A.B. asks: 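Okay, handing you the structure first.
Model, not experiment: these values are computed from the prediction. All ligand and atom numbering here is 1-based and tracks the order in the structure.
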Amino acid sequence: MKSLEGKHIVLGITGGIAAYKSAVLLRLLIKRGAEVQVVMTPAAKEFITPVTLSTLSGKPVVSEFFTANTGEWHSHVDLGLWADLMVVAPATASTLGKMANGIADNMLVTTYLSAKEHVMVAPAMDLDMYASPSTQRNLATLASDGVEIIEAAEGELASHLVGKGRMAEPEAIVERVEQFFSRRHDMAGMKVAITVGPTYEKIDPVRFIGNYSSGKMGFALAEECASRGAEVIAIAGPVTNYPSNPSIRVLKVESAEEMNAEALKVCASADVSIFAAAVADYRPERVSDHKIKRENSEDMTIRLVRNPDIARNVAELKKDGQTLVGFALETDDALNNAERKLEKKNLDMMVLNSLEDKGAGFRTDTNKVTVITRDGFRKAFPLKSKKEVATDIVDMILELRKKQ
Ligand code: CTP
């Protein structure tokens, strides 16, 4: 069977010199069995004709909201629902900006806004445009909205300048498309439990001890596992943003003790448990049932007692075939500390993020991680969006499970 047999792909083409490569991309997708609907921006037609593209795809190209002579309306909503994947290649600076900001003044952007499934963009533009703060800001926005960015390559550009801005080659884009579809069901039948976010440890009815965790990394993992076919249950401390995939079950908890109790129940039958929560290690020994008054003393002491170590407690009950993954956030001697935690907590894999790395850790949309496993394997990834980091981590988990 062909690798893209039966897949519905919307190929968005925008007005850049690299649009000629879109014909090659279209042909490669069709050859692999995909059904492709081309959507062009008006400017794209200056670079490649709709006739070429409709001949290759076997379908009329969509570009305007209406067919001028018949008044037939082209529904971007239907296209968005039809597509299993939308690929915008080339994506110009202008289209990236419109997509990032919801400026729906053409068929391509309206289709993007209606797309229910995954979206990839392959930027192509001159090096200065690519490097400009506005393009980079738009790309960062799109990445945090879940759009997959197929980075532009280095090379000679249409301006004859040499630098970063060339659209990725059609073969490389097709490879990403194939990877996307092969990942889509590779967790089918698996149950995944994920602890997410901070915990709040009550001091009195209005105060607590907490931390800056936003739950973004944990929920990115939840989304990734769900999109790959797993049944996902997230045990989440107090956070403000929740996952958008309605199939993810979220059990809301507040304190470490509550999270521990839920995790022990859920993880017992999970194939994969991921401990992404930033659990408070200590809680106040006594919770005052009335608001503590300032009174006259110059200082105050709250005695703290140890919280349960959730990851360790789950690991004590680990059964064959279960995979346990922890996170370590370290400030110094990161790798050694992460390795020690992996052993101490009896986990299979540890994802290390170091606070020394700019853009990694709490409240950011990006992360830079190193994955280490019990058998001594280490892999350091570059700075990526949390969604892309989630893809890498899940790939590593599935690799490890093949060896387990
Ligand atoms: N963890 C947990 N329960 C705790 C503390 C941590 O489940 N009470 C999990 C975290 O979710 C993470 C891993 O253990 O996956 C490591 O967390 P971290 O805070 O880095 O480790 P600690 O054991 O708390 O060690 P320390 O605070 O000394 O660095």
Side-chain angles (χ1 to χ4, degrees), residues 192-202 208-222 225 232-239 250-251 253-268 270 272-285 304-318 322-357 360-363 367-374 386 389-390 392-394 396-397 400:
V192 179
I194 309 183
T195 67
V196 183
T199 63
Y200 282 2
E201 310 298 329
K202 266 203 170 110
F208 60 85
I209 296 173
N211 59 67
Y212 290 130
S213 171
S214 61
K216 280 183 180 166
M217 192 63 241
F219 281 140
L221 281 159
C225 295
V232 182
I233 303 175
I235 305 145
V239 287
V250 180
L251 304 176
V253 296
E254 192 173 291
S255 65
E257 285 185 303
E258 286 167 22
M259 190 177 273
N260 184 57
E262 290 295 345
L264 285 174
K265 275 188 258 167
V266 177
C267 296
V272 177
S273 294
I274 306 175
F275 304 98
V279 185
D281 288 327
Y282 295 91
R283 67 177 182 277
E285 184 176 37
L304 303 176
V305 294
R306 264 299 249 283
N307 261 334
D309 186 326
I310 303 170
R312 201 169 175 167
N313 290 345
V314 170
E316 269 175 21
L317 305 171
K318 184 183 158 181
Q322 292 185 318
T323 310
L324 307 185
V325 181
F327 272 76
L329 184 70
E330 303 291 340
T331 48
D332 16 53
D333 200 11
L335 268 169
N336 283 334
N337 273 326
E339 247 156 31
R340 226 170 295 134
K341 274 182 198 169
L342 186 71
E343 289 288 331
K344 193 178 79 183
K345 295 185 191 246
N346 195 21
L347 305 177
D348 301 295
M349 181 190 281
M350 201 62 150
V351 181
L352 165 69
N353 39 58
S354 161
L355 276 182
E356 289 158 23
D357 293 319
F362 286 157
R363 293 198 294 194
N367 208 355
K368 189 173 167 198
V369 302
T370 302
V371 172
I372 59 176
T373 62
R374 274 303 262 283
K386 284 190 171 169
V389 173
D392 290 338
I393 293 171
V394 173
M396 300 289 295
I397 293 173
L400 181 65

A.B. asks: Looking at every non-hydrogen atom in both residues, tell me the closest pair between S214 and V239 and how far apart they are.
C.D. replies: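 Shortest heavy-atom contact: O-CG1, 3.3 Å.
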
A.B. asks: Are D309 and ligand 1 in contact, using a heavy-atom cut-off of under 4.0 Å?
C.D. replies: yes

A.B. asks: Identify the closest protein heavy atom to atom 11 (O) of ligand 1: which residue and atom is it, and at what distance?
C.D. replies: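 Among all protein heavy atoms, the one nearest atom 11 (O) of ligand 1 is A277 O, 2.7 Å.
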
A.B. asks: For V279, does its backbone N or O pair with a side-chain atom of N307 as donor and acceptor, under 3.5 Å?
C.D. replies: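 No; judged by distance alone, with no hydrogens or angles, the pair does not exist.
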
A.B. asks: Checking the N or O distance criterion of under 3.5 Å, is ligand 1 in contact with A278?
C.D. replies: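 Between A278 and ligand 1 (N or O atoms, distance only) the closest approach is not under 3.5 Å.
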
A.B. asks: Assess A256 for proximity to ligand 1: is some non-hydrogen atom of it under 4.0 Å away?
C.D. replies: no

A.B. asks: What residue and atom, counting heavy atoms only, is the protein's closest point to atom 27 (O) of ligand 1, and at what distance?
C.D. replies: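 Protein heavy atom at minimum distance: D281 OD2, 3.0 Å.
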
A.B. asks: So which heavy atom in the protein is nearest atom 4 (C) of ligand 1, and how far is it from that ligand atom?
C.D. replies: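 Residue, atom and distance for the closest contact: V279 CB, 3.5 Å.
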
A.B. asks: Check whether any side-chain N or O of E258 sits under 3.5 Å from a backbone N or O of E254 as a donor-acceptor pair, and report yes or no.
C.D. replies: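 Yes.
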
A.B. asks: Heavy atom of A263 under 4.0 Å from ligand 1?
C.D. replies: no

A.B. asks: Please report which non-hydrogen protein atom sits nearest to atom 7 (O) of ligand 1, along with the residue it belongs to and the distance in Å to one decimal place.
C.D. replies: A311 N, 2.9 Å

A.B. asks: Return the closest protein heavy atom for atom 3 (N) of ligand 1 as residue, atom name and distance.
C.D. replies: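 Protein heavy atom at minimum distance: I310 N, 3.0 Å.
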
A.B. asks: I'd like to know if R340 and E343 make a salt bridge, using a cut-off of under 4.0 Å between side-chain N and carboxylate O.
C.D. replies: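 Here R340 does not pair with E343 in a salt bridge, since their nearest N and O are not under 4.0 Å apart.
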
A.B. asks: Might you confirm whether atom NZ of K202 has over 12 heavy atoms from other residues, nucleotides or ligands at distances under 6.0 Å?
C.D. replies: no

A.B. asks: Would you mind checking which non-hydrogen protein atom is closest to atom 16 (C) of ligand 1, with the distance to 0.1 Å?
C.D. replies: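 The protein heavy atom lying closest is F327 O, 2.9 Å.
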
A.B. asks: Out of curiosity, L335 CG to M350 CE, how far, rounded to the nearest 0.5 Å?
C.D. replies: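 Here the rounded value is 11.5 Å.
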
A.B. asks: Roughly how far apart are M396 CE and T323 OG1, rounded to 0.5 Å?
C.D. replies: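 Rounded to the nearest 0.5 Å, the CE-OG1 separation comes out at 13.0 Å.
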
A.B. asks: Got the closest protein heavy atom to atom 8 (N) of ligand 1, with its distance?
C.D. replies: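 Among all protein heavy atoms, the one nearest atom 8 (N) of ligand 1 is P308 O, 2.9 Å.
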
A.B. asks: I235 and side-chain contact (heavy atoms from CB on, under 4.5 Å): which single residue from I310, V266, N260, V196 fits?
C.D. replies: V266

A.B. asks: To the closest 0.5 Å, what do you measure between CE (M217) and CG (N353)?
C.D. replies: 8.5 Å

A.B. asks: Nearest non-hydrogen contact with atom 23 (O) of ligand 1 belongs to which option: M350, K345, K341?
C.D. replies: K345

A.B. asks: Could you tell me, atom by atom, which parts of ligand 1 come under 4.0 Å of a heavy atom of G326?
C.D. replies: 15 (O)

